[in-house]
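Input: a single structure, listed below in structure tokens.
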Amino acid sequence: PNPTMADRCGVCRSGSSSSSSSSPAPSRRSFLNSGGWLATAGATAAILTVNPLASYATIDVNNCLAGDFQKYPGLFPTISAKIIKQGPFKNPEEMYAAMESEPIVARLKAYEKEFTFGRKEGGDRGSGKRSI
């Protein structure tokens with residue numbers, strides 16, 4: 001019989017007769033006290049921190065609200081306000097040219113693949129109110 005992951009680690013009861021161990025699985029308390037959960041937590045944290053930008057959806061720079069930039073560390077509120085006031089932009093280069101300093105441009109370039117530049121629609125993007 002092929003043991004499952006639960007059979008190999010001895011944490012969960014498989015409930016099947018194919019288990020290679022006849023002793024009961026340890027309780028949740030003994031598992032937590034043994035530190036076995038640390039390996040699982042460490043592996044999960046490693047998976048989540050491989051690429052922190054991968055989880056972000058793209059954002060339409062010309063039609064987003066100022067608060068939409070909160071997903072991007074370092075862009076909200078100052079840089080996002082500048083983008084909202086000086087837009088719309090046709091492409092990233094036009095947006096970079098409108099910014100007054102290299103640190104701002106460098107911060108924006110870090111998220112360049114996350115930005116799209118759609119056709120500007122109506123509405124007040126700064127307050128979150130849109131015209132219908």
Side-chain angles (χ1 to χ4, degrees):
N2 190 7
T4 64
M5 180 61 108
D7 293 332
R8 285 194 296 262
C9 71
V11 175
C12 303
R13 295 181 191 166
S14 65
S16 68
S17 59
S18 65
S19 176
S20 59
S21 172
S22 62
S23 63
S27 68
R28 186 181 334 180
R29 180 172 293 164
S30 65
F31 174 70
L32 293 173
N33 289 337
S34 73
W37 61 275
L38 290 173
T40 305
T44 303
I47 290 169
L48 293 176
T49 59
V50 169
N51 185 359
L53 300 180
S55 63
Y56 296 126
T58 58
I59 184 171
D60 183 351
V61 172
N62 293 329
N63 294 299
C64 65
L65 302 173
D68 293 340
F69 286 94
Q70 290 180 11
K71 305 183 262 194
Y72 304 96
L75 297 185
F76 183 81
T78 307
I79 297 174
S80 65
K82 291 177 185 190
I83 291 171
I84 298 295
K85 288 178 185 174
Q86 298 187 18
F89 306 105
K90 294 178 185 173
N91 53 45
E93 291 76 25
E94 189 176 300
M95 180 176 65
Y96 301 147
M99 299 300 128
E100 71 271 0
S101 71
E102 283 301 313
I104 291 175
V105 171
R107 179 111 1 125
L108 288 169
K109 284 184 178 182
Y111 301 105
E112 182 174 348
K113 292 182 180 182
E114 310 299 322
F115 298 147
T116 61
F117 296 86
R119 200 172 120 200
K120 183 169 176 9
E121 298 171 3
D124 181 0
R125 299 183 316 153
S127 68
K129 298 177 182 175
R130 296 206 182 234
S131 61
I132 298 178

Anything under 3.5 Å between a donor and an acceptor, one on a side chain of residues 76-83, the other on a protein residue two or more places apart or in another chain? List them.
| from | atom 1 | to | atom 2 | distance (Å) |
| --- | --- | --- | --- | --- |
| S80 | OG | P77 | O | 3.0 |
| K82 | NZ | E100 | OE2 | 2.4 |

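Closest of all the heavy-atom pairs between D68 and C64 is OD2-CB, 3.3 Å. The two residues V61 and F89 come nearest to each other via the heavy atoms CG1-CD1, 4.1 Å. Nearest heavy atom pair, residue Q86 against residue A98, reads OE1-O, 2.6 Å. Shown here for R107 and G74, the closest heavy-atom pair between the two residues is NH1-O, 3.2 Å.
Interatomic distance, CG of N91 versus OG1 of T116, reported as 12.5 Å (0.5 Å rounding). Going from atom CE of M99 over to atom CG of L108 covers 6.0 Å, rounded to the nearest 0.5 Å. Once rounded to the nearest 0.5 Å, the distance linking CE of M95 with NZ of K109 reads 10.0 Å. Remark: I59 CD1 to F117 CZ distance equals 10.5 Å, nearest 0.5 Å.
A donor-acceptor pair under 3.5 Å is absent between the side-chain atoms of N62 and the main chain of R119, judged by distance alone.
For E93, the CD atom is densely surrounded, since the number of other residues' heavy atoms within 6.0 Å is greater than 12.
In this structure, Y111 and F115 have tilted ring planes: the angle between them lies in the 30° to 60° band.
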